[in-house]
Each structure stands twice: as structure tokens, then as C-alpha cells.
Amino acid sequence: MPQTLQKRAAELEMRVKETAETVKKVLREYRESVRAAARISKGTPKSRDRARLAKKQSDLERANAEYMQLQKELESLRSRIQARK
């Protein structure tokens, strides 16, 4: 098995773990923002609050998409490594 594939898999595993931590952090921030907006507004959220929540949601979606893409790439690489054995 080529060493470069194993090396790439190890790098991807590390990036997947880092990205998972980022997703957790962004999700935590998003949930805190939702809770804070709900406490403050008690009705329809103000446009500033809506914009802040939309940005947090966008950040969450981006981080999650990056995580899923890396996970898919890692699984593909693992399949290639397994097929070469």
C-alpha cells in the first residue's frame, strides 16, 4: 500500500476531528444566540437579531458542509486503501 495514501488518510482524519470540533463550537454559539434572542425579544425578533441569527446559521451550515465533505473524502480514501489490500 502506498505510503502517500496512508499519509493522506491520517491528515484527513486529523482535519475531520478539527472540523468536528469547529462544528460543535459553531452549533453551541448558534444555540446560545437563539436562546438569547428568544429571551430578549419575547415577540418578533428585531432585524438586527434576525441578521445575527442568519449569520450564525450560515456559519453553522458552512462548517457542517465542510465536515461532511471531508468525511466523504476520507471514506472514499479508506475504500481505495481497502481495495488495494
Side-chain angles (χ1 to χ4, degrees):
M1 180 177 349
Q3 198 66 6
T4 56
L5 286 180
Q6 289 178 335
K7 196 176 200 180
R8 177 73 178 142
E11 290 171 0
L12 275 174
E13 286 174 4
M14 186 177 68
R15 286 188 59 203
V16 165
K17 287 179 184 177
E18 290 171 355
T19 307
E21 290 302 315
T22 301
V23 169
K24 288 178 190 176
K25 178 181 167 244
V26 172
L27 180 59
R28 188 172 27 253
E29 289 173 0
Y30 174 74
R31 286 179 178 163
E32 288 171 4
S33 295
V34 169
R35 281 190 215 112
R39 276 194 306 264
I40 292 170
S41 63
K42 299 281 191 210
T44 57
K46 297 190 175 27
S47 65
R48 184 180 58 212
D49 293 333
R50 281 194 304 265
R52 186 178 304 126
L53 285 176
K55 182 179 180 330
K56 295 281 185 184
Q57 185 174 8
S58 174
D59 291 346
L60 178 59
E61 290 170 354
R62 179 200 45 77
N64 197 41
E66 181 182 353
Y67 172 77
M68 290 188 312
Q69 186 271 329
L70 285 171
Q71 189 68 31
K72 190 180 291 185
E73 189 176 341
L74 179 59
E75 289 301 317
S76 174
L77 186 59
R78 285 178 177 161
S79 294
R80 286 177 50 199
I81 290 171
Q82 195 66 23
R84 290 180 182 229
K85 285 185 177 181

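Computed from heavy atoms alone, side chains included, the values below leave out hydrogens, waters and symmetry copies.
Within the model, atoms OH of Tyr67 and NZ of Lys17 stand 11.0 Å from one another, a figure rounded to the nearest 0.5 Å. The distance from atom CD of Gln6 to atom CZ of Arg84, rounded to the nearest 0.5 Å, is 11.0 Å. Note that CG of Leu74 and CD1 of Ile81 are 8.5 Å apart. Values are rounded to the nearest 0.5 Å. Considering NZ of Lys7 and CG of Leu12, their distance stands at 13.5 Å, rounded to 0.5 Å.
When each of Leu27, Asn64, Val26 is paired with Asp59, the side-chain contact (heavy atoms from CB on, under 4.5 Å) condition holds for Val26 and for no other.
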Can you give the donor-acceptor pairs under 3.5 Å from side chains of residues 28-37 to other protein atoms, not counting sequence neighbours?
{"residue": "Ser33", "atom": "OG", "partner": "Glu29", "partner atom": "O", "Å": "3.0"}

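When atom types are taken as modelled, the side chain of Ser58 and the backbone of Ala54 share no donor-acceptor pair closer than 3.5 angstrom.
The side-chain heavy atoms of Met68 and Gln71, taken from C-beta on, include no pair separated by under 4.5 Å. Thr22 places none of its side-chain heavy atoms less than 4.5 Å from the side chain of Glu66. Counting heavy atoms from C-beta outward, Lys72 and Gln69 have side chains that stay 4.5 Å or more apart.
Residues satisfying the side chain to side chain contact (heavy atoms under 4.5 Å, CB included) test with Arg48, not counting sequence neighbours, are Arg52.
When all heavy atoms are compared, the tightest approach of Arg80 to Leu5 is NH2-CD2, 3.6 Å.
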